[in-house]
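A quick write-up on the structure given underneath.
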Amino acid sequence: MDLQIRGKKAIMAGGSAGMGRATAERLAEAGVDLYITARREERLVNAAKEMSEQYGVSVTPICADSSKEEGRQALFAACPDPDILAITIKPPAPNGNFLELTPEHWRDSIDTALIGPIEIMRHYIPGMKDKGWGRIVNIATFSAKNPMLWRLMSGPARSALINYTASVSREIAQYGVNINNILPGMFATEGADELMEVYAEAFGLESDRDIVMTHFMANNKIPAGFVANADDMAPMAALLCSPLSRFIVGQNIVIDGGQHHSLF
Ligand SMILES: NC(=O)c1ccc[n+]([C@@H]2O[C@H](COP(=O)([O-])OP(=O)(O)OC[C@H]3O[C@@H](n4cnc5c(N)ncnc54)[C@H](OP(=O)(O)O)[C@@H]3O)[C@@H](O)[C@H]2O)c1
């Protein structure tokens with residue numbers, strides 16, 4: 001399928017690993033020039049070089065923290081006028097006892113998972129409106145719709161994010177600018193591996209991959225029967241970044257193997 005985005009310019013904020021990297025790969029494969037951000041420089045620079053070599057497009061790495069104003073300004077300076085904006089920002093790690101969450105924890109969660117994406121969108125929406133075309137995709141979490149006690153640092157802030165995009169997307173669709181969100185369930189990514197130890201601690205388990213995964217699968221029924229990899233969501237993200245999604249506005253696409261049992 002031709003995504004009809006060859007030659008366009010995209011930002012993948014959070015594009016050096018996991019689902020951000022997989023999304024960046026699908027865009028690069030479709031002929032899009034990329035600006036990718038991340039906090040850790042070496043992995044970022046390597047990712048940019050690999051994708052540029054593999055797909056023959058320009059991939060510019062920007063080492064910047066999207067949850068901080070300074071990092072966002074670095075992104076805005078490096079790429080003032082993207083056609084496509086995809087964003088993922090990692091929230092704080094899974095929590096233990098909810099009674100121990102302080103206002104400081106909440107502020108950290110809100111800065112990363114809510115204010116970060118909102119500020120990046122707010123900066124780029126006027127330019128997209130002026131051009132009469134733009135696509136914005138947030139990679140958030142299915143715990144925005146499927147509350148989980150151990151993901152209080154991710155779900156509530158993302159519930160607010162999808163509330164924001166539900167309103168804003170309906171205002172800007174008339175200018176050809178669409179916002180949609182992908183809400184992933186459990187994906188085996190570099191980031192998920194890093195969280196294993198925290199998950200083990202939260203549930204009082206030994207920090208052994210097999211033990212953690214057995215516990216996770218027992219407590220989180222995934223009808224599809226497996227934990228996904230990043231390529232299981234990237235084609236959907238790329239589709240939402242294309243003109244083919246022109247009638248998809250303000251939606252929250254849950255990609256979770258059927259784990260969240262709901263009509264909506
Ligand atoms: N994996 C899952 O099972 C799962 C489930 C539900 C939701 N999610 C959500 O999906 C998103 C992607 O997860 P993933 O597992 O693909 O993560 P990942 O493997 O850790 O990849 C995240 C990417 O974003 C970058 N990044 C994270 N925070 C950033 C920040 N503040 N500023 C700039 N770049 C940042 C990372 O690089 P640096 O670390 O170098 O900055 C990396 O390139 C996350 O928002 C996560 O909460 C994941």
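Remember, it's 1-based here, ligands and their atoms both numbered in the order they're listed. Numbering starts at 1 and runs along the sequence shown.
The distance from ligand 1 to the heavy atoms of Gly18 drops below 4.0 Å at these ligand atoms: 16 (O), 19 (O). Taking every non-hydrogen atom of Met186 and a distance limit under 4.0 Å, the qualifying atoms of ligand 1 come out as 3 (O). Listed by number with element, the atoms of ligand 1 under 4.0 Å from a non-hydrogen atom of Ser16 are 37 (O), 42 (C), 43 (O).
The heavy atom nearest to atom 9 (C) of ligand 1, considering only Ala140, Pro91, Ala228, is found in Ala140. Selection from Ala192, Ala188, Ala93, Ser66 by nearest heavy atom to atom 32 (N) of ligand 1 gives Ser66.
Within the 4.0 Å heavy-atom cutoff, Ala113 does not count among the residues contacting ligand 1. Under a 4.0 angstrom heavy-atom cut-off, Arg158 registers as being in contact with ligand 1. Put simply, no part of Ala47 is less than 4.0 Å from ligand 1, judged by heavy atoms. Using a 4.0 angstrom heavy-atom cutoff, Ala64 counts as in contact with ligand 1. Between Thr88 and ligand 1 there is a heavy-atom distance shorter than 4.0 Å. Ligand 1 is never approached by Ala230 to a heavy-atom distance shorter than 4.0 Å.
Counting only heavy atoms of the protein, atom 15 (O) of ligand 1 lies nearest to Thr189 OG1, 2.4 Å. Scanning the protein heavy atoms around atom 23 (C) of ligand 1, the nearest turns out to be Gly14 O, 3.5 Å. Among protein heavy atoms, atom 1 (N) of ligand 1 sits closest to Phe187 O, 3.1 Å. Scanning the protein heavy atoms around atom 6 (C) of ligand 1, the nearest turns out to be Pro184 O, 3.2 Å. The closest protein non-hydrogen atom to atom 13 (O) of ligand 1 is Met19 CE, 3.7 Å. From the protein, the heavy atom lying nearest to atom 34 (N) of ligand 1 is Ala38 CA, 3.4 Å. Scanning all protein heavy atoms for the shortest distance to atom 27 (C) of ligand 1 gives Arg39 NH2, 3.4 Å. Ranking protein heavy atoms by distance to atom 21 (O) of ligand 1, first place goes to Ala17 O, 3.5 Å.
Each of Asn178, Val249, Ile125 was checked for a side-chain contact (heavy atoms from CB on, under 4.5 Å) with Ile172, and the lone residue meeting it is Ile125.
For Glu197 (side chain) and Glu194 (main-chain N/O), no donor-acceptor pair under 3.5 Å exists by modelled atom type. Looking at Ser52, its side chain never comes within 3.5 Å of a backbone N or O of Ala48 through a donor-acceptor pair. Between the side chain of Glu190 and the main chain of Gly18, a donor-acceptor pair closer than 3.5 Å is present. In terms of modelled atom types and a separation under 3.5 Å, the side chain of Ser16 and the main chain of Ala38 share no donor-acceptor contact. In terms of modelled atom types and a separation under 3.5 Å, the side chain of His105 and the main chain of Thr102 share a donor-acceptor contact.
Counting heavy-atom neighbours within 6.0 Å of Lys131 NZ, excluding the residue itself, gives a total above 12. A 6.0 Å sphere centred on CD of Glu104 holds no more than 12 heavy atoms belonging to other residues, nucleotides or ligands. In Gln73, the CD atom is crowded: over 12 heavy atoms of neighbouring residues, nucleotides or ligands sit closer than 6.0 Å. Surrounding NZ of Lys68 are at most 12 heavy atoms belonging to other residues, nucleotides or ligands under 6.0 Å away.
Of the heavy atoms in Arg43, only side-chain atoms (C-beta onward) come closer than 4.0 Å to ligand 1.
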Test side-chain contact (heavy atoms from CB on, under 4.5 Å) on Ile120 and Arg72; report intermediate values, then the result. CA-CA 7 Å; Ile120 298 175; Arg72 293 190 287 269; 3.7 Å; yes
